Amino acid sequence: MNTTTPFKNKVIKVVSKIPYGCVASYGQVALYCGAPRAAREVGWTLNRMENVDEVPWWRVVNNTGRITIKGSSFSADMQRILLRAEGLIISEDFTFNIEEYRWKPGTDVMQF
DNA sequence: GTTGTGACGCCCA
DNA sequence: CTGGGCGCCACAA
């Protein structure tokens with residue numbers, strides 16, 4: 001690992017556990033990281049994350065079922081393509097039924 | 001120690 | 001429905 005921050009480490013861990021074809025909201029990820037209200041931190045952390053190949057950041061969206069990426073190395077359009085590639089149906093407005101794809105964590109995740 | 005910021009979340013007009 | 005605004009937390013400078 002690199003510049004270790006406990007929170008960042010958990011973000012990586014949680015996000016990387018999101019199964020194929022599912023998504024989780026920033027609030028969810030933050031919740032599983034032990035910071036229920038640090039949803040903004042999740043996005044901020046992912047933005048400056050280097051090992052993107054280990055973290056399916058595109059499976060993380062806001063709780064409204066909408067992709068709201070703001071300037072990062074990747075665009076919202078990129079994320080939409082990636083999610084579509086996993087079988088999700090996403091509108092041209094970058095919106096979709098998050099409840100239909102919402103990741104429901106199991107006991108294997110709550111081992112922090 | 002203080003300040004600014006951010007890929008959010010939620011309430012209100 | 002849309003838009004505007006506040007709060008929240010963790011982290012970099």
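Scope of the values below: all heavy atoms of this structure, side chains included, with no hydrogens, waters or symmetry mates. Every value quoted in this text rests on a predicted model; they were computed, and no experiment measured them. Here is the naming used below: chain letters follow the sequence lines, and residue numbers restart at 1 for every chain.
A donor-acceptor distance shorter than 3.5 angstrom exists from the side chain of A/Gln28 to the backbone of A/Ser25, with no hydrogens or angles considered. The main-chain N or O of A/Val15 is never found under 3.5 Å from a side-chain atom of A/Arg59 such that the two would form a donor-acceptor pair. Using modelled atom types, no side-chain atom of A/Glu86 and backbone atom of A/Tyr20 make a donor-acceptor pair closer than 3.5 Å. Side chain of A/Ser91 to backbone of A/Phe94: no donor-acceptor contact under 3.5 angstrom is found.
Across the protein-nucleic acid pair, A/Lys8 atom NZ and C/dA12 atom C1' stand 12 Å apart, rounded to whole Å. One atom, CZ of A/Arg48, and another, P of B/dG4, lie 19 Å apart when rounded to the nearest Å. At whole-Å resolution of the value, CG in A/Asp93 and P in C/dC1 are 12 Å apart. Distance, A/Met49 CE to C/dC11 P: 12 Å, rounded to whole Å. The CD1-C1' distance, from A/Ile67 to B/dC8, rounds to 15 Å in whole Å. The CD atom of A/Gln28 sits 19 Å away from the P atom of C/dC9 (whole-angstrom rounding). Following rounding to the nearest Å, A/Arg102 (CZ) and B/dG9 (C1') show an atom-to-atom distance of 12 Å. The separation between A/Phe94 atom CZ and B/dA7 atom C1' is 14 Å, rounded to whole Å.
For the contact set between residues 36-46 of chain A and DNA chain C, defined by any heavy atom under 4.0 Å, the members are A/Arg37, A/Arg40, A/Glu41, A/Trp44.
Residues satisfying the salt bridge (Lys or Arg N to Asp or Glu O under 4.0 Å) criterion with A/Glu99, sequence neighbours excluded, are A/Arg102.
Across all strands shown, A/Tyr26 has heavy atoms under 4.0 Å from base atoms, whether or not it also approaches the sugar-phosphate.
By the 30° and 60° cut-offs, the orientation of the rings of A/Phe96 relative to A/Tyr101 is tilted.
Checked against C/dA10, B/dC8, B/dG9, the side chain of A/Asn63 finds its nearest nucleotide in B/dG9.
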